Structures are given as C-alpha cells and as structure tokens.
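Keep in mind it's a predicted model, so treat the numbers as computed, not measured. Letters A, B, ... mirror the listed sequences (proteins, then strands); counts begin at 1.
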Number of protein chains: 2
Amino acid sequence: MFLSTSHNKIDLKCRVSIPASFRVNLEKTNETLILFKSLQFKCIEGTTSSRMQTYINAIDELDALSDDAFLLRMMMADSFEIKFDINGRVVIPDILMNFAGLNNKAVFMGIGGSFYIWSPAEYENQYLKSQKILKEKGPPKLFIKKKIE
Amino acid sequence: MFLSTSHNKIDLKCRVSIPASFRVNLEKTNETLILFKSLQFKCIEGTTSSRMQTYINAIDELDALSDDAFLLRMMMADSFEIKFDINGRVVIPDILMNFAGLNNKAVFMGIGGSFYIWSPAEYENQYLKSQKILKEKGPPKLFIKKKIE
DNA sequence: TTGACTACCATAAATTCCCATGCTATCCCA
DNA sequence: TGGGATAGCATGGGAATTTATGGTAGTCAA
C-alpha cells in the first residue's frame, strides 16, 4: 500500500529520495520499482514490477489493434526499471523529468497500488481541483455507502 | 468496534496516546492503524488497514477517469499508516495536525468501524450541533426502529 | 581524456524507540 | 469495609536510529 504525501528535493544529478514508507513497501515484497508516464496526468507514476506485469498481461487480453492496446504499449515504451542507491535514492530519467515538468522539487503522492510524482505546481492544481469537486459533489458514493453499512 | 469518547494530550512531538480500548480493537485483529483527513468534517479519521484496503481495491473497479476515482486517490494521498510506540502512543503527521486544527489536546470519538480525532473546539461545535438537531427533530428513525423491535 | 554515470561516504535533522514517572482504577486481605 | 498493594494507562524525556541530502572517488564509453 502506497499512502501519504511528501515533498522531496531533486538534486543536480536528478537524484531524489523515495519516501521511506514507499521503500519499505517495495522491500517487504521484494519488488523492484517501475517509473512511467502517467496516462492521465502530467506526472510520473511509480509502481511495483508485479503490478506492471498485470498491465502487460492485460494487453494480451485486449484486441491487439484497439486503442487501449496501443496506449498501453506506448506506456510500456516509456517505462523504466529503477535502481536505488544505498541511501534509498533514485535517478529520474530525463524523459520523465521533462514529461512531468520536474525541476528541483518533487511531490510524492501515494494512491494505494501505485504513486504519483508531481511538480509542486501541478500537484497544487490537482489538489485544488479535488477540493472543488468534493465541495460541489460531496464524497464518493462508495465511501458513503460503506460508512452507513 | 470503536466506541466511547476520551480527551488526551498531544505533546510537543505531536505524540498522543490512542485510547486503550481502541488499541485493543486493532491488536485483536492484528491490524495496523490508518489516519486520514475526514472527507466530511474538519477532523482526522482513524480506521483499520483492511478497511482502507477495500477503498484501494475499489479504485481499480471504478472508471479510472471518474470523479470518484480521483477523490479516492486524493484520499489515499492524505492517509498515513501509523505505528505505535511501546506505550500505545502515535505521532500525528503535521499535515493532519494542521487540517484538523489540532494543538495540544485531542478528542477521540469512536463511531463503530472508525473513529474521529477532533480539536476540543471543533468537537464542542459538533456536539452542540447534534444536541440542537436532537431537540428539534428527535432521535433518528433508525434508532427508534431498532429499539422497538 | 573528458563527460556522464554509478557506487559509496558524510552529516545534520528528524524520527523512533525505550526507560522513567505519576495517576487512577482495581483487587485483595485483614 | 477500609486501606494498602498492584496493574494498567497517560505522559515526559533522552538516547539511538533512520532519513534526506550533499559530496567524492571510481568506472565505463565516446
């Protein structure tokens, strides 16, 4: 489970500390870290090797010529298997730095099965957007249902 | 089940004792504690890891582009897996301290499957509000029905 | 031989762990 | 039934560990 949010610094070598709780989550299951371009947002998505494998398997299930299959393959193409240094830091590939508009700060946002890496500005946007939706539409249906039961 | 209310002190390190009865409830089922921003109130909500896992699983079931999925992911980002010290104390993350307006006192309020942590002032507000509704509208229908049966 | 990349070392700050203390509720026996 | 012993809980403090981050030396390829 990837949870919580934290703001870490990216140095001149594009190195950044992965939050300790995320690292523990990976080590616990002996998984490697995969980083790739988010399909929905201007951010990097990080996940476990095994979860990535399920995406790959999903492609085989799809119509090989479908748009979905096409998109998933493009996603794979910009995926990177990432190694940690002894202090729990990783180097973010240039392609991903540019894609997410990252510079010298990264916001790590755990979302359960994976996590996002945002630029501070983009993170702020998304956070405000969520507050707006919450105000206008209220909490998710699922959440309300579960609570009453 | 989390029941009853208690007032505990938050020290300078943002540590606070979780009421013993809540702790027993977690230990009994070997669950870890998750704290997150309430979606409805200006307070922290506490729940079990397994309950949080059901929300996470739900995200995969939802339309990934929907508002509900978006809000649930944001909820994960504002959730923290919390460890106890040997005395049953936890550290409340800064983000949650600020969100709930907590300072040096916390009111724990069990509500069944989860519990709330309020600032004393906010708790007082909510309590008065509930008393007012009770006076004007009487007890909830659900409650009356249960009692008669 | 220069530039990029990797592996490792160093350090300050933050966090965690554990021991100690005081309080309160409970128990037990005279 | 009263009063002291006991156990569990809430809280304070400080030592030990971990984390985030800066830096350097070694390595490989162009």
In short, the helix from dT1(C)-dA30(D) to dA30(C)-dT1(D) is bent end to end, axes from five pairs each side, to 10°, by 30°
The residue among Ile44(A), Val16(A), Leu96(A) that forms side chain to side chain contact (heavy atoms under 4.5 Å, CB included) with Leu102(A) is Ile44(A)
Asn104(B) CG to dA10(D) C1', in whole Å, measures 15 Å
### Query
For Lys13(A), which contact category applies under a 4.0 Å heavy-atom criterion: base, sugar-phosphate, or nothing?
base
Ranking dT11(D), dT24(D), dG23(D) by distance to the side chain of Ser17(B), first place goes to dT11(D)
Rounded to whole Å, CG of Asp11(B) lies from C1' of dC9(D) at a distance of 15 Å
task: State, yes or no, whether a side-chain contact exists between Phe84(B) and Leu33(B) at a heavy-atom distance under 4.5 Å.
output: yes
Separation of dT21(D) atom C1' from Ile10(A) atom CD1, nearest Å, is 13 Å
Between NE2 of His7(A) and C1' of dT19(D) the distance, given in whole Å, is 17 Å
| said: Salt bridge or not between Asp68(B) and Lys141(A)? Use side-chain N to carboxylate O under 4.0 Å. | reply: no
Please work out which of the three classes, parallel, tilted or perpendicular, describes the rings of His7(B) and Tyr123(B), given edges at 30° and 60°. perpendicular
Do any N or O atoms from the side chain of Ser4(A) and from the backbone of Ser79(B) form a donor-acceptor pair under 3.5 angstrom? no
Quiz item: Under 30°, 30 to 60°, or over 60°: which ring-plane class applies to Trp118(B) and Phe41(B), parallel, tilted or perpendicular?
Solution: tilted
Counting C-beta onward and ignoring hydrogens, is there a side-chain heavy-atom pair between Glu45(B) and Phe115(B) closer than 4.5 Å?
no
(request) Would you kindly confirm whether Leu35(B) and Leu39(B) end up in one hydrophobic cluster when ILVMFWY residues are joined by side chain heavy atoms under 4.5 Å apart? (result) no
Asn8(A) CG to dT19(D) C1', in whole Å, measures 9 Å
Here the gap from Ser21(B) atom OG to Met1(B) atom CE, rounded to the nearest 0.5 Å, amounts to 11.5 Å
Picking from dT19(D), dG22(D), dT11(D), the nucleotide nearest the side-chain atoms of Ala20(A) would be dT19(D)
Under a 4.0 Å heavy-atom criterion, DNA chain C is touched by chain A from dT6(C) to dA10(C)
Between CZ of Arg23(A) and P of dT18(D) the distance, given in whole Å, is 11 Å
Open item on the list: Counting C-beta onward and ignoring hydrogens, is there a side-chain heavy-atom pair between Phe108(B) and Asn8(B) closer than 4.5 Å?
Closed with: yes
- Message: For a quick check, tell me whether the side chain of Lys9(A) and the base of dT19(D) share a donor-acceptor pair closer than 3.5 Å.
- Response: no
Could you tell me whether Leu12(A) contacts a base, only the sugar-phosphate backbone, or nothing, with contacts defined as non-hydrogen atoms closer than 4.0 Å? nothing
Over 12 foreign heavy atoms within 6.0 Å of CE, Met74(A):
no
Taken to the nearest whole Å, CZ/Phe22(A) to P/dT19(D) is 14 Å
Under a 4.0 Å heavy-atom cutoff, the residues of residues 84-101 of chain A touching DNA chain D are Asn87(A), Arg89(A)
With a 4.0 Å cut-off, would you call Lys129(A) and Asp67(B) a salt bridge?
no
